[in-house]
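One structure below.
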Amino acid sequence: MIVGVTIVVDADGKAELAVGTQSLDARRDLGVVGWSVLEVLALGGSLDGSGRWVAHSNVREIGQRLGIGKDRAAALTVLRGAGLVVAQVGRDRGSRFAPSCYEVRLPVSHHTDTVPPALPVEPEVRPRVSGRVHRRPPTADPVPKLFDEPA
């Protein structure tokens, strides 16, 4: 499945997702929850010693990050079925939701240029406001106004 998403890693190891137009079909096929789970895993991962992008998490933690229940976060099965995530499920003593290791199979790009080139900043031009009130210049024949005293 072509997902149209690349994990971009800067020199500090921080990850961002670059989402292209090809992602529209994958987003529809995975569903909103599946897509959101993929984002959480991709952004929460890091490179392991083998060069794989892995995230250590579980359905309960994913659910908390997304504000959904653990049962909805189990959309991991959709991602595994699509071949986007490979799970290495772990168990702690008696815990059903121990941290697991999920390999996220998205392209990873290493962005070595962490500082974008500076763009020239033009100063903001604001209209100048003065304290003066602009009035019409007086005319030679003053026209009487409504509240003028009679002459």
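Remember, it's a predicted structure, so these values are computed and weren't measured experimentally. Count residues from 1 along the sequence.
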Point to revise | Residues, nucleotides or ligands: over 12 heavy atoms within 6.0 Å of R27 CZ | key: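 Yes, CZ of R27 has more than 12 neighbouring heavy atoms, counting only those of other groups under 6.0 Å.
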Identify the two heavy atoms, one from [X] and one from [Y], that lie closest to each other, and give their separation to 0.1 Å.
X	Y	value
Y102	L41	CD1-CD2, 4.0 Å
A42	A15	O-CB, 4.5 Å
W35	A26	CZ3-CB, 4.1 Å
L30	A82	CD2-CB, 4.2 Å
I62	A73	CG2-CB, 4.1 Å
A75	V33	CB-CG1, 3.8 Å

Review point. Is there a path from V5 to V54 through hydrophobic residues (I, L, V, M, F, W, Y) whose side chains come within less than 4.5 Å of each other?
Key: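 Per the 4.5 Å side-chain linkage, V5 and V54 are not co-clustered.
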Report yes if some heavy atom in the side chain of [X] is under 4.5 Å from a heavy atom in the side chain of [Y]; otherwise report no.
X	Y	answer
L17	I7	yes
L47	H110	yes
Q22	V3	no
T6	V108	no

To the nearest 0.5 angstrom, please state how far the [atom1] atom of [X] sits from the [atom2] atom of [Y].
X	Y	atom1	atom2	value
S23	D29	OG	CG	11.5 Å
R65	S36	CZ	OG	13.0 Å
R60	Q64	CZ	CD	7.5 Å

Check your understanding: So does D48 pair up with R52, basic N to acidic O under 4.0 Å?
Key ->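 Looking at R52 together with D48, the answer is yes, because their closest N to O distance falls below 4.0 Å.
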Check your understanding: Under 4.0 Å between a Lys/Arg side-chain N and an Asp/Glu carboxylate O for E103 and R105?
Key ->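 Yes.
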Point to revise | Qualifying residue for side chain to side chain contact (heavy atoms under 4.5 Å, CB included) with L79, from V85, V86, V104 | key: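 Answer after filtering V85, V86, V104: V85.
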